[in-house]
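Everything on this sheet refers to the single structure shown next.
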Amino acid sequence: MMIVFTIATYLIYRFSKIAYGKWSMPFFHPLLLSPILLIVLISITHVSANQYLHASKWLTHLLGPATVAFAVPIYKNLAVIKKYIGTILISITCGSLVAIFSTYGLSKLFHLKSDFIISILPRSITTPIAIEVSKEIGGLPTLTTVFVIITGIVGGIVGPSVIKGLSIKTPIARGLALGMGAHGVGTNKAMEYGKQEATFSSLAMIFAALITLVWGAVLIPSLMNFHHIF
């Protein structure tokens, strides 16, 4: 069963990539279409979600090495990164804060429950680290993963239009915006612009994750204490 569902997952993802490349419609985005097709598959075959996750769990383990691989373009552009390190750190720190506070504000607006809020606060960082942050602060990793994917898809679709609308032309600005706003999906989109955009997007994704680890230990518990008081 493990081999069958691993192959099925790969084929469905490849089909989604081809469909998105051919029609470029938001519905055909691989991170949106693939889960829908997988849900249909496990429903038809009467396989539970837990059985599917167990059968294809090694694919999840590949998230870690895939994230580490983003270090390669960073190493190749180390000189440019050193030149703009101040701008990079300030931009990503502000972006991380905006992501957390905007998520918290919207959660309060819609009167979401505490466990739901905790689970979605780390939504703006890459999946492997978001899961660990969610566990650390008492969230639900599965729910966190869903919102990380949603954030990535929306950011990957909307991001290029925002960049075009605001006439953002410098590689560093485009890369940081896509990496901070849509993490892995944004980095994949940044590659379409160029190597420097992909580098800065990778950097934004990694630094955002590290910074959010700090916020996860300090800021998020404080926000939740404030939530319980009011």
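For reference, positions follow the sequence shown, starting with 1.
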Please examine the side chains of [Y] and [X], heavy atoms only from C-beta on, and report whether any two atoms are closer than 4.5 Å.
{"X": "S48", "Y": "Q51", "result": "yes"}
{"X": "K189", "Y": "P160", "result": "yes"}
{"X": "S96", "Y": "F207", "result": "no"}
{"X": "I163", "Y": "L178", "result": "yes"}
{"X": "I88", "Y": "I172", "result": "yes"}

Q) Any sub-3.5 Å donor-acceptor pair from S119's side-chain atoms to G139's backbone N or O? A) no
Q | Exam field: side chain T187 to backbone H183, donor-acceptor pair closer than 3.5 Å | A | yes
State yes or no: do [X] and [Y] share one hydrophobic cluster built from I, L, V, M, F, W and Y residues joined by side-chain heavy-atom distances below 4.5 Å, directly or via other members?
{"X": "L210", "Y": "V98", "value": "no"}
{"X": "F110", "Y": "I100", "value": "yes"}
{"X": "L106", "Y": "I118", "value": "yes"}
{"X": "I39", "Y": "I12", "value": "no"}
{"X": "F101", "Y": "V133", "value": "yes"}

Say you draw a straight line from [atom1] of [X] to [atom2] of [Y]; how long is it, rounded to the nearest 0.5 Å?
{"X": "E136", "Y": "I131", "atom1": "CD", "atom2": "CD1", "value": "14.0 Å"}
{"X": "Y104", "Y": "I120", "atom1": "OH", "atom2": "CD1", "value": "11.5 Å"}
{"X": "S102", "Y": "L109", "atom1": "OG", "atom2": "CG", "value": "12.0 Å"}
{"X": "I117", "Y": "I137", "atom1": "CD1", "atom2": "CD1", "value": "11.0 Å"}
{"X": "I36", "Y": "F28", "atom1": "CD1", "atom2": "CZ", "value": "10.0 Å"}
{"X": "E197", "Y": "T170", "atom1": "CD", "atom2": "OG1", "value": "8.5 Å"}

Between [X] and [Y], which heavy-atom pair has the shortest distance, and what is it?
{"X": "A209", "Y": "T126", "answer": "CB-CG2, 4.4 Å"}
{"X": "P30", "Y": "K17", "answer": "CG-CD, 3.7 Å"}
{"X": "G156", "Y": "A182", "answer": "N-CB, 3.6 Å"}
{"X": "T103", "Y": "R123", "answer": "OG1-NE, 2.7 Å"}
{"X": "P141", "Y": "K135", "answer": "CG-CG, 3.6 Å"}

Q.
Taking side chain to side chain contact (heavy atoms under 4.5 Å, CB included) as the criterion, tell me which of I44, I42, L38 meets it with V40.
A. I44
Q | Reference residue V148; test side chain to side chain contact (heavy atoms under 4.5 Å, CB included); the match among I150, T144, T151, V146 | A | T144
Q) Side chains of T9 and Y52: is there a donor and an acceptor less than 3.5 Å apart? A)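 Yes.
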Q.
Is it the case that the side chains of S16 and S34 hold a donor-acceptor pair, with the cut-off being a distance below 3.5 Å and no angle test?
A.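 Side-chain D/A pair, S34 to S16: present.
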Q: Would you please test L97 and I211 for side chain to side chain contact (heavy atoms under 4.5 Å, CB included) and show each step?
A: CA-CA 9 Å; L97 286 171; I211 290 169; over 6 Å; no
Q. Parallel under 30°, tilted from 30 to 60°, perpendicular over 60°: which one fits the rings of F200 and Y84?
A.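 Judged by the thresholds at 30° and 60°, the geometry between F200 and Y84 is perpendicular.
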Q.
Please confirm whether the ring centroid of F147 lies under 6.0 Å from the ring centroid of F116.
A. yes
Q. More than 12 non-hydrogen atoms from neighbouring residues, nucleotides or ligands closer than 6.0 Å to CZ on F15, yes or no?
A.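 For F15, atom CZ is not crowded (no more than 12 foreign heavy atoms under 6.0 Å).
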**Q.** Heavy atoms of other groups near Y13 OH, more than 12 under 6.0 Å
**A.** no
Q.
Go through it in stages, so that I can follow the logic: the residues are V80 and Q196, the test is side chain to side chain contact (heavy atoms under 4.5 Å, CB included), and I'd like the CA-CA distance, side-chain angles, deciding distance and then a yes or no.
A. CA-CA 9 Å; V80 180; Q196 280 202 334; 3.9 Å; yes
